[in-house]
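Numbering starts at 1 and runs along the sequence shown. Read the numbers this way: they start at 1 and go in the same order the structure lists the ligands and their atoms.
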Amino acid sequence: MNRPLYSPKTIQDLLERHGFTFSKALGQNFLIDGNIIEKIIGAADIQNKNILEIGPGFGVLSHRLSEKGKKLLLVEMDRRLEPVLKEVLADRDNVEIIFSDVLKLDLHRVLKERFGGEKVNVVANLPYYVTTPILAHLLEDNLPIESITVMVQKEVAKRMAAKANTKDYGSLSLLVQYYTQGTVICTVPNTVFMPRPKVESAVVYLKLRGVSKNENFFKVTRAAFNMRRKTLVNALAKGLNLEKAKIADCLSAINLSEQIRGEELSLEQYLELSQLLFMESILKRYE
Ligand code: SAM
């Protein structure tokens, strides 16, 4: 009988035949549930599109992605997975694998070489400890990316979607919401993974807005949340080496109190504030 790739028995068989052991350090929790795989495929909207999958693991999700998409590029850090991926994807002719840490890849060059100038849709079931650096790597560099569908720790999904004045709100919320329009597709219990992680997960779909990087906005938000407990005036004065009077003046120009804290400002207010803080005319008044 032909078992599906994601069945625990198939995974167990691959583990034994290839003598593979899961690496905790690389966040290797592999999907063993067909429904979740189909949820990710449905959310990612990749019919006949170019796909970049980060961290294919045993290639269970990759196999379905290659059936639906046009061309699939896989980036996997663990070289030990090469024989497994070759076996699992042997019947697919639209797949290429690069063995590398995605954070060390020049994605501009790689995507240009593999997909010409065409847009790419990213799909990833990410190791939890590298979610933020990988998202920043994908978002901050004006890459030709159309969407990112990603499985993350449930708590991280909450931080990505959080609004001002909530405990989950922070620089990750602003990074994700500045660059993308996000939707939490579903939460995912730990039972759909082998081995089971300790935490629950969530699938998030991010549609890129196509905005370019705004250095001042990120300088300001990083400084604001680095010193969360201080007032915004104190946090920015210390973090950005600016005069407190100037910061208070800019806050007042957008009708905000100088006692306000970083977590109380919305993304739009941060955009306005960072523009004012770095405006030539205002800077000159305090020289
Ligand atoms: N996609 C598979 C699945 O859903 O069953 C595996 C997901 S597992 C949570 C994460 C995968 O990412 C592992 O295969 C791991 O080796 C790989 N990985 C970890 N860090 C990476 C990095 N920096 N660059 C590329 N791949 C990485």
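Note: Tyr169 and Phe225 have perpendicular aromatic rings, judged against thresholds of 30 and 60 degrees for the angle between ring planes.
Heavy atoms of Glu53 come nearer than 4.0 angstrom to ligand 1 in at least one pair. For the ligand labelled ligand 1, residue Leu61 lies outside the 4.0 Å heavy-atom shell. The shortest heavy-atom distance from Val60 to ligand 1 is not under 4.0 Å. A heavy-atom separation below 4.0 Å is not found between Ser62 and ligand 1. Using a 4.0 angstrom heavy-atom cutoff, Asn29 counts as in contact with ligand 1.
Residue-ligand proximity, Val75 to ligand 1, at heavy-atom distances under 4.0 Å covers atoms 25 (C), 26 (N). Under a 4.0 Å criterion applied to the non-hydrogen atoms of Gly27, ligand 1 contributes the atoms 8 (S), 9 (C), 10 (C). The atoms of ligand 1 that sit less than 4.0 Å from any heavy atom of Ser100 are 24 (N), 25 (C). Less than 4.0 angstrom separates some heavy atom of Gln28 from each of these atoms of ligand 1: 13 (C), 15 (C), 16 (O).
Atom 27 (C) of ligand 1 has its closest protein heavy atom at Met77 CB, 3.6 Å. The closest protein non-hydrogen atom to atom 20 (N) of ligand 1 is Pro127 CG, 3.6 Å. Ranking protein heavy atoms by distance to atom 1 (N) of ligand 1, first place goes to Gly55 O, 2.8 Å. Nearest protein heavy-atom contact of atom 17 (C) of ligand 1 is Glu76 OE2, 3.4 Å. For atom 10 (C) of ligand 1, the nearest protein heavy atom (residue, atom name, distance) is Asn125 O, 3.4 Å. Atom 23 (N) of ligand 1 has its closest protein heavy atom at Asp101 OD1, 2.9 Å. The protein atom (non-hydrogen) at minimum distance from atom 24 (N) of ligand 1 is Val102 N, 3.0 Å. Among all protein heavy atoms, the one lying closest to atom 2 (C) of ligand 1 is Pro56 O, 3.2 Å.
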Report, one line per pair, each donor and acceptor closer than 3.5 Å where one atom sits in a side chain of residues 80-100; sequence neighbours left out.
{"unit_1": "Arg80", "atom_1": "NE", "unit_2": "Asp78", "atom_2": "OD1", "d": "3.1"}
{"unit_1": "Arg80", "atom_1": "NE", "unit_2": "Asp78", "atom_2": "OD2", "d": "3.2"}
{"unit_1": "Arg80", "atom_1": "NH1", "unit_2": "Thr21", "atom_2": "O", "d": "3.0"}
{"unit_1": "Arg80", "atom_1": "NH1", "unit_2": "Thr21", "atom_2": "OG1", "d": "3.4"}
{"unit_1": "Arg80", "atom_1": "NH2", "unit_2": "Thr21", "atom_2": "O", "d": "3.1"}
{"unit_1": "Arg80", "atom_1": "NH2", "unit_2": "Asp78", "atom_2": "OD2", "d": "2.8"}
{"unit_1": "Glu82", "atom_1": "OE1", "unit_2": "Arg79", "atom_2": "NH1", "d": "2.6"}
{"unit_1": "Glu82", "atom_1": "OE2", "unit_2": "Lys86", "atom_2": "NZ", "d": "3.0"}
{"unit_1": "Glu87", "atom_1": "OE1", "unit_2": "Arg17", "atom_2": "NH1", "d": "3.1"}
{"unit_1": "Glu87", "atom_1": "OE1", "unit_2": "His18", "atom_2": "NE2", "d": "2.7"}
{"unit_1": "Glu87", "atom_1": "OE2", "unit_2": "Arg17", "atom_2": "NH2", "d": "2.6"}
{"unit_1": "Asp91", "atom_1": "OD1", "unit_2": "His63", "atom_2": "NE2", "d": "3.1"}
{"unit_1": "Asp91", "atom_1": "OD2", "unit_2": "His63", "atom_2": "NE2", "d": "3.3"}
{"unit_1": "Arg92", "atom_1": "NE", "unit_2": "Ser66", "atom_2": "OG", "d": "2.7"}
{"unit_1": "Arg92", "atom_1": "NH2", "unit_2": "Ser66", "atom_2": "O", "d": "3.2"}
{"unit_1": "Asn94", "atom_1": "ND2", "unit_2": "Ser66", "atom_2": "O", "d": "2.9"}
{"unit_1": "Asn94", "atom_1": "ND2", "unit_2": "Lys70", "atom_2": "O", "d": "3.0"}
{"unit_1": "Glu96", "atom_1": "OE1", "unit_2": "Arg114", "atom_2": "NE", "d": "3.1"}
{"unit_1": "Glu96", "atom_1": "OE2", "unit_2": "Arg114", "atom_2": "NE", "d": "3.0"}
{"unit_1": "Glu96", "atom_1": "OE2", "unit_2": "Arg114", "atom_2": "NH2", "d": "2.9"}

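Inclusion of Leu31 in the set of residues having an N or O under 3.5 Å from an N or O of ligand 1 is warranted.
Screening Glu272, Gln269, Glu264 for a side-chain contact (heavy atoms from CB on, under 4.5 Å) involving Leu256 leaves a single residue, Gln269.
Within the 3.5 Å criterion, the main-chain N or O of Leu271 finds a donor-acceptor partner in the side chain of Ser274. Side-chain atoms of Arg209 come within 3.5 Å of backbone atoms of Thr180 as a donor-acceptor pair (strictly under, hydrogens ignored). Within the 3.5 Å criterion, the main-chain N or O of Glu53 finds no donor-acceptor partner in the side chain of Glu76.
For Ser23, no heavy-atom contact with ligand 1 is shorter than 4.0 Å. Contact annotation: for Ala124 versus ligand 1, there are no heavy atoms closer than 4.0 Å.
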Checklist entry - So Arg64 and Glu38, salt bridge (Lys or Arg N to Asp or Glu O under 4.0 Å) or not? Walk me through it. => result CA-CA 8 Å; Arg64 280 296 285 138; Glu38 290 313 313; 2.7 Å; yes
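Put simply, Met160 and Ile40 are part of two different groups of oily side chains (I, L, V, M, F, W, Y) that touch within less than 4.5 Å, one to the next. The hydrophobic clustering, which links ILVMFWY residues whose side-chain heavy atoms are closer than 4.5 Å, places Leu265 and Met227 apart.
Residues Lys244 and Asn234 bring a donor and an acceptor atom of their side chains to less than 3.5 Å of each other.
Rounding to the nearest 0.5 Å gives a distance of 11.0 Å between CG of Leu5 and CZ of Phe58.
Evaluation of the salt bridge (Lys or Arg N to Asp or Glu O under 4.0 Å) test over residues 97-106, restricted to residues two or more places apart or in two chains, returns none.
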